[in-house]
Amino acid sequence: MDLFRDFRNPELVKKLLKAIEREHDGKPLRIMEVCGGHTHAIMKFGLNKLLEPLGIEFLHGPGCPVCVMPKERIDQAIAIARQPNVILTTYGDMMRVPGSESSLIKERAHGRDIRMVYSPLDSVKIALENPDKLVVFFAIGFETTTPMTAALMEVIREQKIKNLLVHVNHVLVIPAMEAVMHESKIEAFIGPGHVSAIIGGKAYVPFVEKYKVPVVISGFEPTDILESVLKIIRQKNNREAKVEIQYTRAVSWEGNTKAQELMAKYFEVRDKFRWRGLGDIPRSGLKLKDEYSQYDAEVYFDPILPKEPIDDHKLCICGEILKGKAKPTDCKIFGTACTPQNPVGACMVSSEGACAAYYKYLRHQLSTV
Ligand code: SF4
């Protein structure tokens, strides 16, 4: 497999575009991607500009785990980090996400012990090196990262580590897809590649049967995404709605059953979870099972954790973007008051956010028109 020969080959891209042009009936077609990686690939390779003249529009859904984390959960991380003798660990993307008044990076500048980790298991080393401190891993992400948090739980229990807790903020992609279906006219989904490697293609079947929209699970290269669009068009032309896997080099129908078992061992679905911009979505988040509550930072720190929902900045339309109702360029402060250096909303902070993708690539697109 060669990246440039097989996936970024201009001749293959042209061929796929011709097929899309030939087979698409020209009517407006709104396709939502629910993975920040796809949003970035679409903008990076200018696929939005290639398909717009054919009436095909990409909507950027709730696929960036940092972007969908509500402010009160960030405030909870900050409240924990402010406790004496606590070391808070989390992924780098979380550091600059604004809470109600502060962010983890600002708290670190004020002397809190907050550390970026590349893997949840890095927290184990930190806990072992600091036996007099309580280490709390602030866990975020879709089903892609949940198995790694479950693996951390395995290690904590096997090694009987007493000074390491987990604050669980893992979310589920399919309930979010359901929530946006009630908000916008979406005619098809490009299914997330990494999440689907874990949950498998079959996980989308009940969704597709209920809403009668195609879901094509796609890879991240230009030919992957264009081939997925072509598969969607073919389903539409055949009046079908089914789950298809374009990204067969990574995703199977069953998914990663070992990872699924590990997740099922430690986590259960919450009745509801609040998403930034989308509000409460039923059965859309995970928590540690009650039998593991001794490792649960939400239980341990319960009395000091802020829980009231907090609104976003009044000019931020991140929520409307995640629902497919707006584009980053519709935001009045996009690229002016809100930039990656000075982010006002979460969609500009994360490397996977739609606003960050537009900021990074749109100027290049405009300069090459
Ligand atoms: S540009 Fe900034 S303020 Fe506007 S929607 Fe995006 S993140 Fe929010």
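First listed ligand is number 1; within each ligand, the first listed atom is number 1.
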Check: Which ligand 1 atoms does F334 reach within 4.0 Å, using its non-hydrogen atoms?
Finding: 1 (S)
Notebook entry, point to check: At what distance is the nearest protein heavy atom to atom 2 (Fe) of ligand 1, and which residue and atom is it?
Noted result: C338 SG, 2.3 Å
Check: What residue among L152, V166, I156 forms side chain to side chain contact (heavy atoms under 4.5 Å, CB included) with P120?
Finding: L152
Next item on the list: Compare all side-chain heavy atoms of M43 with those of F58 and state whether any distance is below 4.5 angstrom.
Entry: no
Margin query: Can you tell me if C318 contacts ligand 1 (heavy atom of the residue under 4.0 Å from the ligand)?
Written below: yes
Next item on the list: Considering only non-hydrogen protein atoms, determine which one is nearest to atom 4 (Fe) of ligand 1 and report residue, atom name and distance to 0.1 Å.
Entry: C331 SG, 2.3 Å
Notebook entry, point to check: Got the closest protein heavy atom to atom 6 (Fe) of ligand 1, with its distance?
Noted result: C355 SG, 2.3 Å
Note to self: Apply disulfide (SG to SG under 2.5 Å) to residues C318 and C347 and explain how you reach the verdict.
What the structure shows: CA-CA 6 Å; C318 234; C347 299; 1.9 Å; yes
Checklist line | Pairwise side-chain contact, E33 with F189, heavy-atom cut-off 4.5 Å (strictly under) | finding: no
Margin query: I'd like to check which ligand 1 atoms, numbered from 1 as shown, lie under 4.0 Å from a non-hydrogen atom of M348.
Written below: 7 (S)
Next item on the list: Just need the protein heavy atom nearest to atom 8 (Fe) of ligand 1, so name the residue and atom and give the distance.
Entry: C316 SG, 2.4 Å
Notebook entry, point to check: Using a heavy-atom cut-off of under 4.0 Å, does the side chain or the backbone of I333 touch ligand 1, or both, or neither?
Noted result: side chain
Item checked: I225 versus A41, closest heavy-atom pair with distance -> CD1-CB, 3.7 Å
Next item on the list: Check step by step if ring-ring contact (aromatic ring centres under 6.0 Å, His included) holds for H60 and Y358.
Entry: CA-CA 11 Å; H60 317 302; Y358 271 60; 5.3 Å; yes
